Colleague: 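The structure that follows is given in the form of structure tokens.
Since this is a predicted model, take the numbers as computed values, not measurements. Letters A, B, ... are given to chains in the order of the sequence lines, protein chains preceding strands, and every chain is numbered from 1.
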Protein chains: 2
Amino acid sequence: MNSGKITIHDISKALNIDSSTVSRALNDSPRVSEKTKERILAKASELGYQRNSLASNLRTNKTYTIGVVVPRLSRNFFSNVISGIEETAYEKGYSVIICQSLESLEREKKIMATLFSNRVDGILISTSMQTESLDHLRPYLNHGGSIVFYDRPRYFEGCTSISINDYKASFKATEHLIQNGCKRIVHFAGPQLVDLYKNRKQGYLDALQKYNIQFDASLIIESKLSEADGIASTKRALELGNIDGIYSSNDTAAIGAIKHLKMEGINIPNDIAVVGFNNDPISSVIEPSLTTINQPDFDMGKMASHMLISQIEDKTKVKDSQVLDIDLIIRASSLKF
Amino acid sequence: MNSGKITIHDISKALNIDSSTVSRALNDSPRVSEKTKERILAKASELGYQRNSLASNLRTNKTYTIGVVVPRLSRNFFSNVISGIEETAYEKGYSVIICQSLESLEREKKIMATLFSNRVDGILISTSMQTESLDHLRPYLNHGGSIVFYDRPRYFEGCTSISINDYKASFKATEHLIQNGCKRIVHFAGPQLVDLYKNRKQGYLDALQKYNIQFDASLIIESKLSEADGIASTKRALELGNIDGIYSSNDTAAIGAIKHLKMEGINIPNDIAVVGFNNDPISSVIEPSLTTINQPDFDMGKMASHMLISQIEDKTKVKDSQVLDIDLIIRASSLKF
DNA sequence: ACAAAAAATACAATCGATTGTATTTTTGAA
DNA sequence: TTCAAAAATACAATCGATTGTATTTTTTGT
């Protein structure tokens, strides 16, 4: 029936009322009498009118949309962050555009251009592992956009970040292993150009120092922390000899470690205790269940969204960067008898 | 420095060239000489010009954007589908807006309105579990939009679907249990108003029939298939007595079953074999590892995106609905000795 | 060197909604 | 009844880019 794109002008003509009045009525302006408002609203729904946001946003120079750049949707952590972001955003009347960079700088650049060109009001970004320079964010900022970094904090021209206290979490995890009797703890480190992995390494180092455990550089094994990397790193660790603990910078690699240790007939945790990071769903399913760090993913999303929106709505009220605390979830993989 | 929103008119003024020529140059039209094109492109990048898609899309009535409605991002299956969708979309020059309904009809309606109002060129949707009537899709279709259903097929006014052959998959899974000696197989069914779960149940039933296994209605336990549901259903199943197999409509509930069976000291698979559906990452981590159905998630996304875009670009070429075949991944949880 | 054809550029309307200003209508007090 | 104030509505410009048409400039053939 109504096969077309209905505009305010169609309503305007049908009722012989000026389109400016129609527009005001649809926006519930006090400048239109109740009687005409009713007529207009009735006609609008009769015709199946749906506002054209393109036109509206163009005119008002406001989209009520925020862009979210995420490295990978398939990671449980990120999908929970996104749910948090959406919760707050919808509450405040904003839509969310989600884009995944797949850890590629190339794609991240394209995404930034698209979001800019679509004039989103603000951007939440967790930069890709390849991203060093942040030059590609500059045009959007110059144009007056707001950016908040989440999960992977960056220092950049008046932008703020929200992240977890990786250092402290890492310290706690390592301390936990030490307190459970570990003396030679291997650390699976992530790519060191990512700050977050650098901090995790530092937390490990400082915990060792606090408990006067002699530092051995060969105990730090760096990789990209895939499950396969976890297995490979575990093999290398076993060659070192006398290992009694593994602290991995993520759960995925820790899972690899557990699988390999089990295959080798090594008892977890009594021979070697294992601690991961992230509290992925698998961590509670694997046997033995994995001690790990739980990050407040959903809350981080909510707060990130909150910070960004208050920045969008009042540039002067830029809040400080936030660092969230974490929980150590103690499970079977680290409790020696 | 360049703190503003640069428009084609700024370039136009700076070079004393009409804005229409600037526009054509930026779109690489043959109507502009190479020389001026160069001058314009140079000035554009000097000023940090970035096209305003709102204006452009408004004028051309085309957004090169597709909307994706997904029940839940955190499900591995869906995040893989989305990656597939994005792959094809980006290849063909389309952006993707992802929205999650969280299985709520209310949210789904809002999302449809937003996508419509943003004039996306097409929509890929997997309807929420609450969604029965599809009336809320009608305004968008009337306006000329294209919709393709993925994963959860629906029959609706000339729209097409892409889904997996749940019936066949289910038949295969049940058959596999039977061939491994199961005679009294419990089926964890999902909400029966979702077609897909209906089909899974039917596949189970027909497999039983083929092998002349007497049907017992009490063996079908319906739930929402969360892990807790899986545990509860398993308890109920055990009360029935003489159970030797469980075929669950998803992995999550199957995991619940395995956990509970292990707690009860029941041997898997020898006492009771278990088969799931989805091939979630946990299914390979749990012990015993879970036999399950692997769905071509990424490919489904690619094909869905492909179908939608060809429909957008040529309405006359609406392809038929597609039904994809699946693999049964056989693991330890179903191989009796 | 000159008209006609071709190439390059300029003009102006348009997409749909918003909004400041102007005009008309209604209200109410004298 | 009359007129100023208030309320309701109409007019017209605008957001930034696109595009059909018109105009100017250049090229080409003779």
Colleague: Hey, are Lys92(B) and Glu313(B) close enough for a salt bridge, meaning a charged N less than 4.0 Å from a carboxylate O?
Modeller: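 Salt bridge between Lys92(B) and Glu313(B), a charged N being under 4.0 Å from a carboxylate O: no.
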Colleague: Looking across every strand, which nucleic acid part, if any, lies under 4.0 Å from Arg24(B) by heavy atom: base, sugar-phosphate, or nothing?
Modeller: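 Base, at least one base heavy atom under 4.0 Å.
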Colleague: Classify Leu26(B) by what it touches in the nucleic acid, base, sugar-phosphate, or nothing, heavy-atom distance under 4.0 Å.
Modeller: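 Contact class for Leu26(B): none.
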Colleague: Got a donor-acceptor contact below 3.5 angstrom from the Asp121(A) side chain to the Tyr64(A) backbone?
Modeller: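 The answer is yes, because a donor-acceptor pair under 3.5 Å joins these two groups.
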Colleague: Along DNA chain D, 5' to 3', what are the outermost nucleotides having an atom less than 4.0 Å from a heavy atom of chain B?
Modeller: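 Span of nucleotides near chain B: dG16(D) to dA22(D).
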Colleague: Base, sugar-phosphate or nothing for Ser56(B)? Non-hydrogen atoms, less than 4.0 Å.
Modeller: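 Sugar-phosphate contact only.
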Colleague: How do Arg31(A) and Tyr49(A) order along DNA chain C: which one's closest nucleotide is nearer the 5' end?
Modeller: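 This one resolves to Tyr49(A).
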Colleague: Using a 4.0 Å heavy-atom cut-off, does Val32(B) contact any base of the nucleic acid, only the sugar-phosphate backbone, or nothing at all?
Modeller: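 Sugar-phosphate contact only - Val32(B) comes under 4.0 Å of backbone atoms but never of a base.
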Colleague: Are Leu124(A) and Ile66(A) close enough that some pair of their side-chain heavy atoms sits under 4.5 Å apart?
Modeller: yes
Colleague: Name the nucleic acid region contacted by Thr36(B), choosing base, sugar-phosphate or nothing; use a 4.0 angstrom heavy-atom cut-off, strictly under.
Modeller: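 The answer is sugar-phosphate, as Thr36(B) gets under 4.0 Å only of primed atoms, P, OP1 or OP2.
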Colleague: Checking all strands, does Thr60(B) fall into the base, sugar-phosphate, or nothing category for heavy-atom contacts under 4.0 angstrom?
Modeller: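 Answer is sugar-phosphate: Thr60(B) comes under 4.0 Å of backbone atoms only.
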Colleague: Heavy atoms under 4.0 Å, any strand shown: does Ser33(B) hit a base, just sugar-phosphate, or nothing?
Modeller: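 Touches sugar-phosphate only.
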Colleague: Is any side-chain N of the basic residue among Lys43(A) and Glu46(A) closer than 4.0 Å to the acidic one's carboxylate O?
Modeller: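 Salt bridge flag = yes for Glu46(A) with Lys43(A).
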Colleague: Once you build an axis from the first five pairs and another from the last five of the helix from dA1(C)-dT30(D) to dA30(C)-dT1(D), how far apart in angle are they, to 10 degrees?
Modeller: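 One end axis against the other gives 40°.
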Colleague: Does Glu103(A) pair with Arg152(A) as a salt bridge, N-O distance under 4.0 Å?
Modeller: yes
Colleague: Please determine if Asp28(A) and Lys37(A) form a salt bridge, counting it only when a charged side-chain N lies under 4.0 Å from a carboxylate O.
Modeller: yes
Colleague: Check whether any side-chain heavy atom of Phe149(A) sits under 4.5 Å from a side-chain heavy atom of Thr160(A), and report yes or no.
Modeller: no
Colleague: With Cys99(A) as reference, evaluate Leu115(A), Ile125(A), Ile123(A) under the side-chain contact (heavy atoms from CB on, under 4.5 Å) test and give the passing residue.
Modeller: Leu115(A)
Colleague: Reckon Asn61(A) touches a base, only the sugar-phosphate, or nothing at all at heavy-atom distances under 4.0 Å?
Modeller: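 No contact.
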Colleague: Nearest-nucleotide wise, let me know which of Ser19(A) and Glu34(A) is further upstream toward the 5' end of DNA chain D.
Modeller: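 Per heavy-atom nearest nucleotide, the more 5' residue is Glu34(A).
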Colleague: Tell me what Asp10(A) touches on the nucleic acid: a base, only sugar-phosphate, or nothing, going by heavy atoms under 4.0 Å.
Modeller: nothing
Colleague: What does Asn57(A) touch in the nucleic acid at a heavy-atom separation under 4.0 angstrom: a base, only the sugar-phosphate, or nothing?
Modeller: nothing
Colleague: What distance do Glu106(A) atom CD and Thr131(A) atom OG1 have between them, rounded to the nearest 0.5 Å?
Modeller: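 One gets 10.5 Å once the value is rounded to the nearest 0.5 Å.
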Colleague: Give a yes or no on whether a salt bridge exists between Glu87(A) and Arg107(B), defined as a side-chain N under 4.0 angstrom from a carboxylate O.
Modeller: no
Colleague: Report the distance from atom CG of Asp18(A) to atom P of dT25(C), rounded to the nearest whole Å.
Modeller: 14 Å
Colleague: At 4.0 Å (heavy atoms only), tell me whether Leu54(A) reaches a base, stays on the sugar-phosphate, or touches nothing.
Modeller: nothing
Colleague: Tell me what Thr7(A) touches on the nucleic acid: a base, only sugar-phosphate, or nothing, going by heavy atoms under 4.0 Å.
Modeller: sugar-phosphate
